[in-house]
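All residue numbers refer to positions in the sequence shown, counting from 1. These figures come from a predicted structure and were not determined experimentally.
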Amino acid sequence: MNIFLWILLILILLLIVMPFLKLRVLVTYLHDGKNDDLSLQFSIFRIIKYNLSVPLIAVDKESPSIVYEEHTDSALGGTERKQKFTVDEFLFDLRKFEQLLHHVVGFHTIIRKFLKKVSVLKLRWVTQIGAEDAALTGSSSGVVWMIKGNVLGIISNYMRLKTAPEIEVIPYFQQIKLKTSLKCMVSFRIGHAILAGIKVLRHMRKGRALFSKNNDQTAGRDIHV
C-alpha cells in the first residue's frame, strides 16, 4: 500500500511542477540538392528527450504525393514508419486552418501572447547558392538575403531573441549549387503552452456558437421572406 501511495504522491507532484518546467525544442533542417533532412528534439532539463527525424522527403513517382520516412526515439523505445502526404491532404489541412482563423475570435492575440513567452536560444541559418551566370548568382543571393531579413524581423518581433542570430548567404559564381542548413532552438514553459491551448479551445467554442447563431438568424430571415 505504501508503494501505491508513493506513486500517487509522485504523480501529484509531477502535475504540480510540470507547468513550471521549461521545454526545449531543437529544430534542425538540411537541404542539399535533392536531399532533405528534418529532425526535432524535445527535451526537459536536457535529460528527458524525445527525438523525431524525417530523413527522407521525396516526390512519389506513382502518385501526386510526397513520401517521407519518420523515426522517433525516446526513453520508451524507437519506432519507424513511412508515409505519404498528398496534395489533397495539404489542401484539406489548409482549409481547416482557414476555418480556424475565421471562427476563432482573438486567435492572433492568443498566439502572439504565447510567442512573446518563447525564447530563441539559438538560430543559425546558412545558405549556399550559385549559378553559372555571375549576375544571376548575385541577384539570387540578394533575394535570399531579403527573405532571411524578413523572417528574422518576424521572429524578433514575435519572440524573445536570447542570442545574436547567425545568418549567412554564401554565393558560388562558378557552379550551380543550392544548400541550406538551419538550426534553431527555442524554449518555453509547459504551463504557457497549456494555457494558450485552453484559450484557443475556449475561443473556438465561442466562435462556433456565434457562427451557428448567425446561420440560424440568416435562415430565419430567408423563411420570413
Side-chain angles (χ1 to χ4, degrees), residues 3 6-32 35-58 66-83 85 93 97 100 107-128 147-148 151-168 179-202:
I3 296 177
W6 276 108
I7 294 175
L8 181 61
L9 289 175
I10 292 173
L11 291 176
I12 294 174
L13 182 61
L14 286 175
L15 291 175
I16 295 174
V17 175
M18 184 168 289
F20 301 96
L21 298 179
K22 280 192 174 183
L23 176 66
R24 288 193 176 192
V25 182
L26 175 62
V27 181
T28 305
Y29 173 72
L30 174 64
H31 171 80
D32 188 3
N35 299 321
D36 292 272
D37 192 359
L38 173 66
S39 65
L40 293 91
Q41 183 185 87
F42 304 88
S43 62
I44 300 175
F45 292 134
R46 299 183 181 181
I47 300 175
I48 304 174
K49 294 183 179 181
Y50 177 82
N51 298 315
L52 172 64
S53 62
V54 185
L56 172 65
I57 305 175
I66 296 175
V67 182
Y68 64 94
E69 292 180 356
E70 182 180 293
H71 300 275
T72 60
D73 184 21
S74 65
L76 301 177
T79 60
E80 180 177 344
R81 60 179 178 175
K82 188 174 182 179
Q83 290 187 341
F85 187 72
D93 291 339
F97 183 70
L100 179 67
F107 179 81
H108 178 267
T109 304
I110 296 171
I111 298 301
R112 189 182 183 92
K113 287 183 178 180
F114 169 68
L115 290 178
K116 279 295 183 183
K117 297 178 175 64
V118 176
S119 299
V120 181
L121 306 178
K122 183 176 184 179
L123 178 59
R124 177 173 173 79
W125 188 3
V126 180
T127 300
Q128 300 174 12
I147 294 173
K148 291 191 176 187
V151 172
L152 184 60
I154 294 173
I155 292 175
S156 61
N157 185 39
Y158 281 85
M159 303 181 190
R160 296 183 295 181
L161 285 172
K162 294 296 185 179
T163 184
E166 301 177 34
I167 307 295
E168 291 186 63
K179 181 178 180 180
T180 296
S181 62
L182 172 67
K183 181 172 287 188
C184 180
M185 177 182 287
V186 299
S187 70
F188 53 87
R189 295 193 184 278
I190 298 176
H192 291 155
I194 295 174
L195 183 61
I198 293 173
K199 288 182 178 179
V200 168
L201 292 176
R202 185 179 64 185

Completion exercise
Heavy atoms of L23 and S43 approach each other most closely as CD1-O, 3.5 Å
Exercise for the section: With side-chain contact (heavy atoms from CB on, under 4.5 Å) as the test, would you mind laying out the steps for T28 and L182 before giving the verdict? Expected result: CA-CA 6 Å; T28 305; L182 172 67; over 6 Å; no
Fill in the blank from the handout: Interatomic distance, CG@L13 vs CG@L8, rounded to 0.5 Å, equals 11.0 Å
Problem - From T180 atom OG1 to Y29 atom OH, the distance as rounded to the nearest 0.5 Å - result: 7.0 Å
Taking distance alone, no hydrogens or angles, what donor-acceptor pairs closer than 3.5 Å link side-chain atoms of residues 114-123 to residues at least two apart or in another chain?
from, atom 1, to, atom 2, distance (Å)
K116, NZ, N157, O, 2.8
S119, OG, R160, NH2, 3.4

Practice task
State, without any angle test, whether S187 and K162 hold a side-chain donor-acceptor pair at a distance under 3.5 Å.
Solution key: no
Problem - Trace of the side-chain contact (heavy atoms from CB on, under 4.5 Å) decision for V25 with F188 - result: CA-CA 9 Å; V25 182; F188 53 87; 4.2 Å; yes
Completion exercise
Separation between CD1 (I167) and NZ (K148), nearest 0.5 Å, reads 6.0 Å
Practice task
Measure from the side-chain N and O atoms of R124 to the backbone N and O of K183, and report whether any donor-acceptor pair falls under 3.5 Å.
Solution key: no
Handout entry: Nearest-0.5 Å distance, CG of residue L152 to CH2 of residue W125
Key = 9.0 Å
Exercise for the section: Using the six-membered ring of Y158, assess whether NZ or CZ of R112 lies under 6.0 Å from its centre and within 45 degrees of the ring axis. Expected result: yes
Exercise for the section: Answer yes or no: is there a side-chain heavy-atom contact under 4.5 Å between V27 and L38? Expected result: yes
Completion exercise
One should read off an interatomic distance between L52 CG and S39 OG, to the nearest 0.5 angstrom, of 8.5 Å
Exercise for the section: Find out whether I190 and P19 are in side-chain contact, i.e. whether some heavy atom of one side chain is under 4.5 Å from a heavy atom of the other. Expected result: no
Handout entry: Atom pair CG/CD1 of L11 and I16 - distance to nearest 0.5 Å
Key = 11.0 Å
